[in-house]
Amino acid sequence: MIEKGSYIRDILRQPVGTTVEAHGWVKTRRDSRGIHFIQMNDGSGFSDLQVVVEAGVVPAETLARVTTGACLRVCGELVASPGAGQAVELKARVIEVYGDADSATYPLQKKGHTMEFLREIAHLRARSNTFGAVFRVRNVLSAAIHRFFQERGFLYVHSPILTTSDCEGAGALFRVTTLDLMNLPRTPSGEVDTTADFFGRPAYLTVSGQLEAEIFALAFTNVYTFGPTFRAEQSNTPRHLAEFWMVEPEMAFADLDDDRRLAEEFLKYTIGAVLEEARDDLEFFNKRIDNTVLATLEHVVTSGFEHVTYTEAIRLLEQARDQGRQWEFPVHWGADLQSEHERYLTEEVFRKPVVVTDYPKEIKAFYMRLNDDGRTVRAMDVLVPRIGEIIGGSQREERYDILRERIDAQGLNADDYWWYLDLRRYGSAPHAGFGLGLERMMMYLTGMKNIRDVIPFARAPGEARF
RNA sequence: UCCUCGGUAGCUCAAUGGCAGAGCGCCCGGCUGUUAACCGGAUUGUUGGAGGUUCGAGUCCUCCCCGAGGAGCCA
């Protein structure tokens, strides 16, 4: 195995004269009379290692097998590079080919490919510049998320993937069953007998870890989940996946202001970490994918987020309308904010992240805390340019009677929420939390335009090939 | 799921209803230091699928499949 210190990233920092052994995959190769240049990468960093092969050093039959995509071991000496683009290069003494890559059929070329094409070869795209950078950023981001919460004493809770509560109320669920679909057990009245199923009742893939996080927050004070969630929506957009990763902190003894502050601090911390630890990769995104990424991220880390209430947001949208702005969807107090409205606020009015709070209770979930005005709830959405909603959160309703009323008012069955209500009967406390879509944040960080290109293997309607 | 646009060589794309093409890649040759190397040459086709109109369909019509963007849902 490759030990720490022996990755190509490390080799590039070694002093001239060091004898090294590099392992990796060939990106590209250039030949001249009597000299060959091979660029190889092992995924450890954005920069490739340039291997120089002088005439006669390596057998011709070996050299012929060094094609784009082939996997190599190269031994030699690190020397100063006379060419531009790299400080050092590896002067090869021995080359061993681990695995050939037939150049007639290997689909990755030296030249750029479209994202659509790379998506169809997800098993090979990880070796490309773009996807190497994407997944290194994703790794740095994930580590920074854990570090942020761990430094603040939050407990990492593993919320379940399988659930029998279809009461989470956040979109269509994937049904999970071990029943024989060709021969379903039936009740006397002819319905499917779900008591015969694995859990003795209908089961699903989770759409959120929030309710379980609330249980843990009311025992461990500050907690967070970080795991996959599933939505069976027929969503076919560049911003939706059927399987995506979500980060959900939950804090006892916290209100919506605390929640909003945590969200801002969280985004600034994690963005700062990526700026620091994945600089090469971000510079690549800034150069080749979206030339506003670096400036945007640096601006976010140093400036404050805007905060408006829903009511104020509606007023801004109405003002725009009165000044001639055409809205496809009508704006009035009580209507949900549409994509065009969110974009206007964050991209045109404020040009930075905006937190909108205190939405009408009718357009938000039953568990959000009712304000004293009786018409709004303590909800917040964090909106960012280009992406839209990146975080959704709220202060939770901790008062038993009011929660019970809201469950009834929304036509839900209180029996289904018995344990959730129990949390309000025994030792309830004010608490708040939010959910962040990891892939949405990845899009924000990298400038990548399609969410399917910031997750290793996308799951979407009709798409689960890899 | 709805709306719009698209599917032609390995990739990116062109082709008034009338001989299916270019660039790049791959391959071969050349060049003593290349950086998406360069120069020369060669190869590359079930025009997404099934029907239909027509003397003749990549092009027009119908249905289906796939992709992209927008909308809804949301993270």
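Heavy atoms only: backbone and side chains are in, while hydrogens, waters and symmetry mates are out. Residue numbers start from 1 in every chain, and the chains themselves are labelled A, B, ... in the order their sequence lines are given, proteins ahead of strands. What you are looking at is a predicted structure, and each value in this text was computed from that prediction instead of being measured.
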So, does the side chain of A/Gln109 form a donor-acceptor pair with the base of B/G10 at under 3.5 Å? yes
Does A/Arg9 make a cation-pi contact with A/Tyr7 (under 6.0 Å, within 45 degrees of the axis)? yes
Mind checking the P distance from B/C24 to B/U43? Whole angstroms is fine. 16 Å
Rounded to the nearest Å, what distance is computed from the CD1 atom of residue A/Ile390 to the P atom of nucleotide B/C74? 18 Å
So which heavy atom on A/Val293 is nearest to which on A/Asn286, and how close? N-OD1, 3.3 Å
Considering Watson-Crick and G-U wobble pairs with both distances under 3.5 Å, what does B/U46 pair with? none
CD of A/Glu340 versus C1' of B/G70: gap in Å, rounded? 12 Å
Expressed as a whole number of angstroms, how long is the span from A/Asp381:CG to B/C73:C1'? 14 Å
What integer number of Å spans the P atoms of B/G10 and B/C27? 16 Å
Ring centroid separation for A/Tyr224 and A/Phe148, is it under 6.0 angstrom? no
Under 3.5 Å on both distances, the Watson-Crick or G-U partner of B/G40: B/C28
At under 4.0 Å between heavy atoms, which parts of nucleotides 31-42 of chain B does protein reach? Answer with one letter per nucleotide, 5' to 3': B base, S sugar-phosphate only, - none. BSBBBBB-----
Using a 4.0 Å heavy-atom cut-off across all strands, classify A/Ile391 as base, sugar-phosphate, or nothing. sugar-phosphate
Could you label the plane-to-plane angle of the A/Trp327 and A/Tyr344 rings as parallel, tilted or perpendicular, counting under 30° as parallel and over 60° as perpendicular? perpendicular
Pairing nucleotide - B/A9, Watson-Crick or G-U, each distance under 3.5 Å: none
What does B/U54 pair with, Watson-Crick or G-U, if both distances are under 3.5 Å? none
In this structure, are over 12 heavy atoms from other groups packed under 6.0 Å from A/Arg351 atom CZ? no
Which residue, A/Arg138, A/Arg459, A/Arg239, A/Arg452, forms the salt bridge (charged side-chain N to carboxylate O under 4.0 Å, His left out) with A/Glu439? A/Arg138
May I have the distance from A/Leu118 (atom CG) to B/G67 (atom C1'), rounded to whole angstrom? 14 Å
Separation of atom CZ in A/Phe117 from atom C1' in B/G67, rounded to whole Å: 14 Å
With rounding to the closest Å, how many angstrom separate the C1' atoms on B/G52 and B/U59? 15 Å
Does A/Lys268 reach the main-chain N or O of A/Ser303 with its side chain, forming a donor-acceptor pair under 3.5 Å? yes
Does the base of B/C74 carry an N or O that pairs as donor and acceptor with the side chain of A/Ser235 under 3.5 Å? no
Check the phosphate of B/G25 against A/Ser103, side-chain N and O only, distance under 4.0 Å to OP1 or OP2. Yes or no? no
From CZ of A/Arg231 across to P of B/C73 the rounded distance in Å is 14 Å
So which one's nearest nucleotide on RNA chain B is more toward 5', A/Asp336 or A/Arg343? A/Arg343
Nearest-angstrom distance from the residue atom CD of A/Glu342 to P of B/A75: 11 Å
Using atom P in both nucleotides, what's the gap between B/C55 and B/A14 to the nearest angstrom? 31 Å
Determine the interatomic distance between C1' on B/A20 and the same-named atom on B/G58; round to the nearest Å. 8 Å
B/C61 and B/U53: how far apart are their P atoms, nearest whole angstrom? 15 Å
Counting side-chain heavy atoms from CB outward, which of B/C73, B/C26, B/U12 is closest to A/Ala104? B/C26
What integer number of Å spans the C1' atoms of B/U46 and B/A50? 13 Å
Taking only the side-chain nitrogens and oxygens of A/Thr237, find out if one of them lies under 4.0 Å from OP1 or OP2 of B/C74. no
Can you work out whether A/Pro238 or A/Thr105 has the more 5'-proximal nearest nucleotide on RNA chain B? A/Thr105
Should B/U34 form a Watson-Crick or G-U wobble pair with both distances under 3.5 Å, which nucleotide is its partner? none
Which value, in whole Å, describes the distance between the C1' atoms of nucleotides B/G51 and B/G70? 32 Å
Parallel, tilted or perpendicular, judged at 30° and 60°: which one describes the rings of A/Phe117 and A/His113? tilted
Is there a Watson-Crick or G-U wobble partner for B/G17 with both distances under 3.5 Å, and if so, which one is it? none
Nucleotide B/C74, atom P - distance to CE of A/Met443 in whole Å: 18 Å
Name the nucleic acid region contacted by A/Arg119, choosing base, sugar-phosphate or nothing; use a 4.0 angstrom heavy-atom cut-off, strictly under. sugar-phosphate
For B/U1, give the paired nucleotide (Watson-Crick: N1-N3 plus N6-O4 or O6-N4; G-U: N1-O2 and O6-N3; both under 3.5 Å), or none. B/A71
Ignoring backbone atoms, establish whether A/Asn450 has a side-chain N or O less than 4.0 Å from OP1 or OP2 of B/G69. yes
Please give me the minimum heavy-atom distance between A/Asn236 and A/Pro461, naming the atom from each residue. ND2-CB, 4.2 Å
Select base, sugar-phosphate, or nothing to describe what A/Glu389 touches, counting heavy atoms under 4.0 Å on all strands. sugar-phosphate
Just checking A/Leu241: base, sugar-phosphate only, or nothing, at a heavy-atom cut-off of under 4.0 Å? base
Taking the six-membered ring for Trp and the single ring otherwise, decide whether the centroids of A/Phe226 and A/His146 are under 6.0 Å apart. yes
Counting the atoms with a prime plus P, OP1 and OP2 as sugar-phosphate, which does A/Phe329 contact under 4.0 Å by heavy atoms, base, sugar-phosphate, or nothing? sugar-phosphate
Below 3.5 Å, does any donor atom in the side chain of A/His113 face an acceptor in the base of B/C11, or the other way round? no
